[in-house]
Amino acid sequence: MSDPLLDSLNPEQRAAVTLPHASALILAGAGSGKTRVLTTRIAWLIQTGRVSPHGILAVTFTNKAAKEMLTRIAAMLPINTRGMWVGTFHGLANRLLRTHWREAGLPQSFQILDAQDQLSAIKRLLKSLNIDTEKYEPKKVQGYINGHKEAGRRARDADAHDEYSMQLAELYEAYDAQCQREGVADFPELLLRAYELLYRNEPLRQHYQTRFRHILIDEFQDTNALQYRWLKLFAGPDTALFAVGDDDQSIYAFRGANTGNMLEFEREFAHGRVIKLEQNYRSHGNILTAANALIERNERRLGKSLWTAEGDGEPIRVFEAFDDRDEASFVVDEVKALNREGTAFSDMALLYRSNAQSRVLEHALFTAGVAYRVYGGLRFFERQEIRHALAYLRLLTHPEDDGAFLRVINFPTRGIGARTVEQLADVAARSGASLWQAACTASGKVATFARLIEGIKTATAGLTLAETIDHVIETSGLGDHYRADKDGADRLENLNELVNAAALFSEEAEDDTLDAFLAHAALEAGEHQAEPGRDALQLMTVHAAKGLEFHAVFITGLEEGLFPHEQSAHDESGLEEERRLMYVAITRARRRLYLSHAQSRMLHGQVRYGFASRFLAELPDAVLLPLNRRGASRDAPAAAPPRATPAGHGTGYRVGQCVAHAKFGTGIIIDFEGGGPDARVQVKFGDAGTKWLALAYAKLSPA
DNA sequence: GCGTGACATTTTTTT
DNA sequence: AATGTCACGC
């Protein structure tokens, strides 16, 4: 009898879904139905009675993916999915630590530090230890600490051979001590703590190992060393691990993701049980041909080639613009044309390597009146007014939190300046107490502040979450502060939105305590971006586009130094990651793909000249369609792009022009000086670097 | 204690 | 170009 769950799957997908009770690695290419396989596997396991929801642990990297997974499973199964653990690594670690806080050595109300909180905690530490922040930059220290935590190393495990690394290790140690004292945990700490908890506590470990008979991991290529060890710890002798990933889409190595985990997993758990999903249901043939040709240039990969049952489709359009503004206007024209032909704006995406590139594009779109939406940027719970409000709340439930204390002690300003705070910190440090405790014994303005917090605590004792937050906003003076500020309307609205978010949270969450809400705020920085229904062009970085798909995709800024980014282009591994990034970008497109680059571009306030990205040359010519400059009328002198800076009269050359030199190859003129017989030009060559050449002697020809 | 202007600093991002 | 950080002066 046919099973409705499995009917629409292809043979490989079906094999993956119905694997026996053993660990396996699923190599799922872009657009091959990865999420579908993962969710169907869970549904199938439960429906066929192989496991109860209680025995399932499913891990993802983003909250969005976790939510999507739950929704899809719920749609497939009539039964209730409660009891299943589905969430992000951090969310699950938090859940574990909240349940076993005593065993984990944390206070019950421990607070979570996001990256920003962590950085300010580190700055505070460096200051208290009188460390030279020129030599030990806070950001570097943060990177050092997180790097070690993500590799599963405590300060004592960090190798310290010279003065510098010994100092760093000491700072790491001191930082952890500070966090412990204040009862806070940063993101990697959540994982490491949860890991250590199970590692050291055998009964607990056995409990979870027996409970979770099936562990499923999404985006496995993004796991770091600690997350992998974490999974190994959860897996008992009778646990089946189901890891789904695509090494070609690993684009987070820069933050510790380790594709090597896939190889290791194959050896340690899957024992050769590897299923490749290579049929792509998303893109037309030419797009896949390009993607395959590109990614084949990478050495380090497990090897996989996408194919489609669809036809070749349209060629990939390549456009060379004079400059970034020209590129933007090209994009605008094409977007409008596509929309006229019936493609919704929301089904088109405009991708770029780095956020700074969006400005010019936005300007052009705005001027042309095209609705667009930029993803990324400041998230809801990261806004300063929200952080202030949350800091008050943190202080209510967890007064030991010095970070929260410092954020609000003088915001809104109440006449407590740096000097006073410093004295307070001295008192606290001498007695080993928290700032809050020191404040409670203080007098004057500090005492008034302490009474304010105490007052809020008493007044909100019986209130709901939303009422509490509303009360905090009004009593703390935050509300008045932003009402007095003529630019404070948006912030007030956000604070109001925070109250709404709390009300919603109370409705939905099983545990609607203040602590739970604060953890939620830290772990889920807020995908609550407003105005969904509107049909708008989608703008985002390539990173942000992972996992999404669009009818038409524009990849812009395909220039050396930008994409691949110059910071990554030096070593082979960096370059391979950039290539994977390009692979991800290409495979977002279903039907139509545009690649564009510009001869010159405004970057960091000055004009830069770049060559076309090497990635363009790595695509097969057969699938590319170089676009001619648009209609002759638009090329009329009046509308010509503003690149024509004459390079000395009568020389026949101008800045921005491509030229060829017998010895140095081709390059672009980026500057000139003198005129007539003395004229010299500065040319940036692809291979030979930048050279000054005298026009009278150098044999240049237009290229 | 607080506000302002000079200064540097620019990848990618989730949790 | 634009943004954040820091030191200085009121």
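As the structure is a computational prediction, the values presented were derived from the model and not from experiment. Here is the naming used below: chain letters follow the sequence lines, and residue numbers restart at 1 for every chain.
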With ring centroids as reference points, do [X] and [Y] lie under 6.0 angstrom apart?
X      : Y      : result
A/Y208 : A/W85  : yes
A/Y392 : A/H388 : no
A/W101 : A/F110 : no
A/F405 : A/H398 : no

Side-chain donor-acceptor pairs of residues 563-578 of chain A under 3.5 Å, sequence neighbours excluded:
from, atom 1, to, atom 2, distance (Å)
A/H565, ND1, A/Q567, N, 3.1
A/S568, OG, A/E578, OE2, 3.0
A/H570, NE2, A/E566, O, 3.1
A/D571, OD2, A/S573, N, 3.4
A/D571, OD2, A/S573, OG, 2.6
A/D571, OD2, A/G574, N, 3.1
A/E576, OE1, A/R300, N, 3.4
A/E576, OE2, A/E299, N, 2.7
A/E577, OE1, A/A253, N, 3.2
A/E577, OE1, A/R580, NH2, 3.1
A/E577, OE2, A/A253, N, 3.3
A/E578, OE1, A/R353, NH1, 2.9
A/E578, OE1, A/H565, N, 3.0
A/E578, OE2, A/R353, NH1, 2.5

Grab the [atom1]-[atom2] distance between [X] and [N] for me, whole Å please.
X      : N      : atom1 : atom2 : value
A/L575 : B/dT12 : CG    : P     : 18 Å
A/H363 : C/dA2  : NE2   : C1'   : 16 Å
A/L548 : B/dT13 : CG    : P     : 13 Å
A/Q384 : C/dT3  : CD    : P     : 14 Å
A/E219 : B/dT15 : CD    : P     : 12 Å
A/F61  : B/dT12 : CZ    : P     : 21 Å
A/R608 : C/dA1  : CZ    : P     : 15 Å
A/R255 : B/dT14 : CZ    : P     : 7 Å

Problem set entry | Candidates C/dA2, B/dT13, B/dT15 - which lies nearest the side chain of A/T541 |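 Among the listed nucleotides, the one closest to the side chain of A/T541 is B/dT13.
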Please tabulate the protein-to-nucleotide N/O contacts below 3.5 Å involving nucleotides 6-11 of chain B, giving atom names and distances.
from, atom 1, to, atom 2, distance (Å)
B/dT11, O4', A/H565, NE2, 3.2
B/dT11, O2, A/R353, NH1, 3.3
B/dT11, O2, A/R353, NH2, 2.9

Exercise. At under 4.0 Å between heavy atoms, what does A/F89 touch on the DNA or RNA strands: base, sugar-phosphate, or nothing?
Worked result: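 No contact at all - A/F89 keeps every heavy atom at 4.0 Å or more from the nucleic acid.
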For this session: Scan A/N410 against the nucleic acid and name what it touches under 4.0 Å (heavy atoms): base, sugar-phosphate only, or nothing.
Result: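 If one applies the 4.0 Å heavy-atom cut-off, A/N410 turns out to touch the sugar-phosphate alone, with no base involved.
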Every protein N/O lying under 3.5 Å from an N/O of nucleotides 7-10 of chain C:
none

Problem set entry | Trace of the side chain to side chain donor-acceptor pair (under 3.5 Å) decision for A/Q111 with A/D401 | CA-CA 8 Å; A/Q111 299 297 306; A/D401 190 340; 5.8 Å; no
Exercise. In terms of ring plane angle, is the pair A/F254 and A/Y252 parallel, tilted or perpendicular, where the classes change at 30° and 60°?
Worked result: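 Aromatic pair A/F254/A/Y252 classed tilted.
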For this session: Answer yes or no: does a side-chain N or O of A/T413 lie under 4.0 Å from OP1 or OP2 of B/dG1?
Result: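 A/T413 to B/dG1 OP1/OP2: no side-chain N or O under 4.0 Å.
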Problem set entry | Below 4.0 Å: OP1/OP2 of B/dT14 and any side-chain N or O of A/N224 |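 Result: no.
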Problem set entry | Carboxylate-amine/guanidinium contact A/R614 A/E618, below 4.0 Å |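 Not counted as a salt bridge, because no side-chain N and carboxylate O are separated by less than 4.0 Å.
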Exercise. Where each residue is assigned the nucleotide of DNA chain B containing its nearest heavy atom, which of A/H90 and A/V421 is assigned the position nearer the 5′ end?
Worked result: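 Taking each residue's closest nucleotide, the earlier one in sequence belongs to A/V421.
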Problem set entry | Residue closer to the 5' end of DNA chain B, A/I416 versus A/A544 (nearest nucleotide) |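 Mapping each residue to its closest nucleotide by heavy atoms, the 5'-most match is A/I416.
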For this session: Could you point out which residue of A/D247, A/D248, A/D246 forms a side chain to side chain donor-acceptor pair (under 3.5 Å) with A/R301?
Result: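 Among the candidates, only A/D248 passes.
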Exercise. Are A/H597 and A/F611 close enough, and set up right, to give a ring-ring contact (aromatic ring centres under 6.0 Å, His included), and what steps lead you there?
Worked result: CA-CA 8 Å; A/H597 63 278; A/F611 291 92; over 10 Å; no
